[in-house]
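Below is one structure, written out as structure tokens; the observations come after it.
This structure is a prediction, so every number in the text was calculated from the model and none was measured. Ligands are counted one by one from 1 in listed order, and the atoms in each one are counted from 1 as well.
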Amino acid sequence: MQLYNTLTKKVQDFQPLTAPGVTLYTCGPTVYDYTHLGHIRKYVNDDLLKRSLNYLGYKVKHVMNITDVGHLTSDEDEGEDKLEKGAAKTGKTVWEVARFYTDFFEKTMRLVNIIPPDITAPATKHIDLMIDLISVLQQKGFVYMTDEAVYFEVSRFPSYGQLSGQNLRDKKIRARPEIRFDPGKKSPFDFALWFKRVGRFADHSMHWDSPWGDGFPGWHIECSAMSMKYLGETIDIHTGGVDHIPVHHENEIAQSEAATGQQFVRFFVHHQFVQVDGQKMSKSLGNFFTVNDVKQQGIDPLSLRLLFMQTHYRQIINFTWNSAKAANESLKNLRALTAAFRTQTERTALSQEKLKQLDDYRAAFMQAINQDLQFPRAVSIMWAMTKSNLPSTDKLDLLLEFDRVLGLDLQNVITETIPPAILELANKRQAARAENNFQTSDDLRQKIEAAGYVIEDTPSGFKVAKK
Ligand code: AMP
Ligand code: ZN
């Protein structure tokens, strides 16, 4: 597969270290506010990458963190802790805030049919790992301590800046007078590995014991610690938004490679933003929409996948409701086509010409994915195939095969040909499950089965089929 690597700023041939395995680490959410469409694009892109690799025969092991502590309101150790700030705003505990927004994140991921990572790692459950890693860095002479924090000393890591192509000397010091820097910090590029529970953090409610005193970890250290624990010192692919390039990922590289002496990541893949009126959709700007807003507009959140796939992951998307509505209509059409293909069950032998046509569509689809994930092209090949003169049964097979990558849950279309009475039972059962009413849900399943159907739960709901 050809993949753009931010490390080399080139589209390169991707080969995993130990094929067919691929180690994939994707930076996860900071759970202090609602997951919005910008995040959804990022996780959809991760999911498309992972599904593509699996489709091409690789076996992906995927780890993602959940930042439930330590991410300050800026990436550079300035401001307040986002979680603590979120808690103060709502009158909840930090733990409650993290739980609430993690649940919202996971619900959102299910609605856009994202395959969950093999390991989802909350930072608060990995504090020991982070302490161990900081200790190694301390033994190797990469850290210093001030009254407020333990810092990684960037000047001791000469290749710092390789990812963003910035030379430390050229990097402007963004002195912002309203922000109070730690006076003991030697350089503004040094970054905190551990904050002490003193001064501006004296009331920090999440805190742990450490060799450097009671406190909490800096944000960047969690990704290095968890990536290395679950995937090894050198991994194949690491993803994040383009905002992670200059600080978060530079810092991850520095602290990981300083600790191990090994290359940390072989391919860095960065996704572009979703914007609204020319500005990044973000929690801090308050210009964001969530799946709830999408549903309120009568749009199926799953159609966001189709919307995002229609732009290459390295291009900015300007979000508009009209484009979301158009994607929703496209998804409806695709479902209708799938349902229509299903009605034909008689299979006819394919002529040589048709066999070749089928192979050509498959090859073109694969090639699009192979060329740095050209999903806009893959989607148009899919449409062209559905409109071809191939028999419906073959179109359906290939469509469902493509959908292993696209993730539009077309399998689920089968429910549309199920009698309304059965669908009603299935919907009631889903509602009962949502309320954890498992007795009712079991009873409804039995009724559905007694009527000759089977029901299966899927990330975006359920699938009903004739037995
Ligand atoms: P956060 O929860 O803000 O730390 O963001 C989680 C991930 O979503 C990061 O990789 C960000 O780069 C990405 N992200 C945040 N906002 C957007 C946006 N508007 N468009 C695309 N990706 C975003
Ligand atoms: Zn990260």
Side-chain angles (χ1 to χ4, degrees), residues 6 24-49 63-75 79 81-83 85-86 97-98 101-102 104-106 108-109 112 114 117 120-123 126 130 133 163 191 217-231 235 237-256 264-265 268-290 304 307-308 311-319:
T6 313
L24 171 69
Y25 185 93
T26 61
C27 283
T30 307
V31 283
Y32 74 104
D33 209 332
Y34 290 103
T35 305
H36 58 63
L37 303 192
H39 302 126
I40 297 177
R41 181 184 190 196
K42 193 263 174 198
Y43 299 106
V44 163
N45 280 333
D46 288 342
D47 193 59
L48 292 172
L49 168 64
V63 177
M64 184 189 75
N65 63 308
I66 299 229
T67 302
D68 50 2
V69 63
H71 191 168
L72 304 195
T73 43
S74 112
D75 286 356
D81 181 308
K82 288 181 172 180
L83 251 296
K85 197 177 162 204
V97 169
Y101 291 114
T102 303
F104 188 82
F105 169 79
E106 285 173 351
T108 302
M109 294 300 103
V112 290
I114 295 214
T120 300
H126 296 79
M130 297 184 226
L133 184 55
L163 189 65
F191 56 90
W219 168 42
H220 315 291
I221 194 74
E222 68 187 62
C223 290
S224 292
M226 302 194 285
S227 176
M228 292 200 274
K229 150 117 180 141
Y230 294 116
L231 298 173
I235 67 159
I237 307 177
H238 189 117
T239 75
V242 287
D243 51 334
H244 287 347
I245 300 172
V247 181
H248 183 50
H249 287 168
E250 290 288 15
N251 295 354
E252 281 187 29
I253 294 172
Q255 67 205 0
S256 310
F264 176 47
V265 171
F268 266 104
V269 173
H270 290 104
H271 312 284
Q272 256 299 356
F273 289 146
V274 174
Q275 295 189 341
V276 188
D277 299 330
Q279 278 193 304
K280 177 188 173 192
M281 184 180 284
S282 73
K283 295 167 184 173
S284 50
L285 290 175
N287 60 352
F288 67 85
F289 303 112
T290 71
L304 295 169
L307 176 66
F308 295 153
T311 303
H312 188 248
Y313 73 94
R314 288 193 283 122
Q315 306 283 327
I316 290 171
I317 292 182
N318 194 46
F319 176 78

Step-by-step side chain to side chain donor-acceptor pair (under 3.5 Å) determination, Gln255 to Ser224: CA-CA 7 Å; Gln255 67 205 0; Ser224 292; 2.8 Å; yes

Trace of the side chain to side chain donor-acceptor pair (under 3.5 Å) decision for His126 with Tyr230: CA-CA 11 Å; His126 296 79; Tyr230 294 116; 2.7 Å; yes

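Counting only distance, with no hydrogens or angles, the side chain of Asn45 and the backbone of His271 share no donor-acceptor pair below 3.5 Å.
Glu252 contributes OE2 as its N, O or S atom closest to the Zn ion (ligand 2).
Using cut-offs of 30° and 60° for the angle between ring planes, the His248 and His244 rings count as perpendicular.
Of the polar atoms of Gly241, at least one N or O is found under 3.5 Å from an N or O of ligand 1, judged by distance alone. Polar contact check, Pro29 against ligand 1: no nitrogen or oxygen pair lies under 3.5 Å apart. Backbone and side-chain nitrogen or oxygen atoms of Gly38 are examined, and one is located within less than 3.5 angstrom of a nitrogen or oxygen of ligand 1. Where the criterion is an N or O separation shorter than 3.5 Å, residue side chain and backbone included, Val274 meets it with respect to ligand 1.
With a 4.0 Å cut-off on non-hydrogen atoms, Lys42 touches ligand 1 through its side chain and not its backbone.
Within the structure, the closest approach of Lys280 to ligand 1 falls below 4.0 Å when heavy atoms are considered. For the pair Tyr43 and ligand 1, a heavy-atom separation below 4.0 Å is found. At least one heavy atom of Gln272 sits closer than 4.0 Å to an atom of ligand 1. Within the 4.0 Å heavy-atom cutoff, His271 does not count among the residues contacting ligand 1.
What you find for Thr239 and His249 is that their closest heavy atoms are O-CE1, 3.7 Å. Residues Leu83 and Thr67 share a closest heavy-atom pair of CD2-O, 3.9 Å. Closest approach of Ile253 to Phe268, counting heavy atoms only: CD1-CE1, 3.6 Å. Contact between His270 and Arg314 at its shortest, heavy atoms only, is O-CG, 4.1 Å.
For the residue pair Gln272 and His312, no side-chain donor N or O sits within less than 3.5 Å of a side-chain acceptor on the partner. Defined by atom type and a distance below 3.5 Å, a donor-acceptor pair is present between the side-chain atoms of Asn65 and Glu222.
Nearest non-hydrogen protein atom to atom 19 (N) of ligand 1 is Met281 O, 2.7 Å. Given atom 4 (O) of ligand 1, the protein heavy atom at minimum distance is Thr30 OG1, 3.0 Å. Among all protein heavy atoms, the one lying closest to atom 8 (O) of ligand 1 is His39 CD2, 3.3 Å.
At a cut-off of 2.8 Å, Cys223 is counted among the residues with an N, O or S atom near the Zn ion (ligand 2). Residue His220 does not count as close to the Zn ion (ligand 2), with no N, O or S atom under 2.8 Å. Taking backbone and side chain together, His249 holds no N, O or S atom under 2.8 Å from the Zn ion (ligand 2).
Short contacts between ligand 1 and His244, defined as distances under 4.0 Å to a heavy atom of the residue, involve ligand atoms 9 (C), 10 (O). Of all atoms in ligand 1, numbered sequentially from 1 with element shown, those under 4.0 Å from a heavy atom of Asp243 are 11 (C), 12 (O).
Cys27 has its side chain out of reach of Met64: every pair of non-hydrogen atoms, C-beta onward, lies at least 4.5 Å apart.
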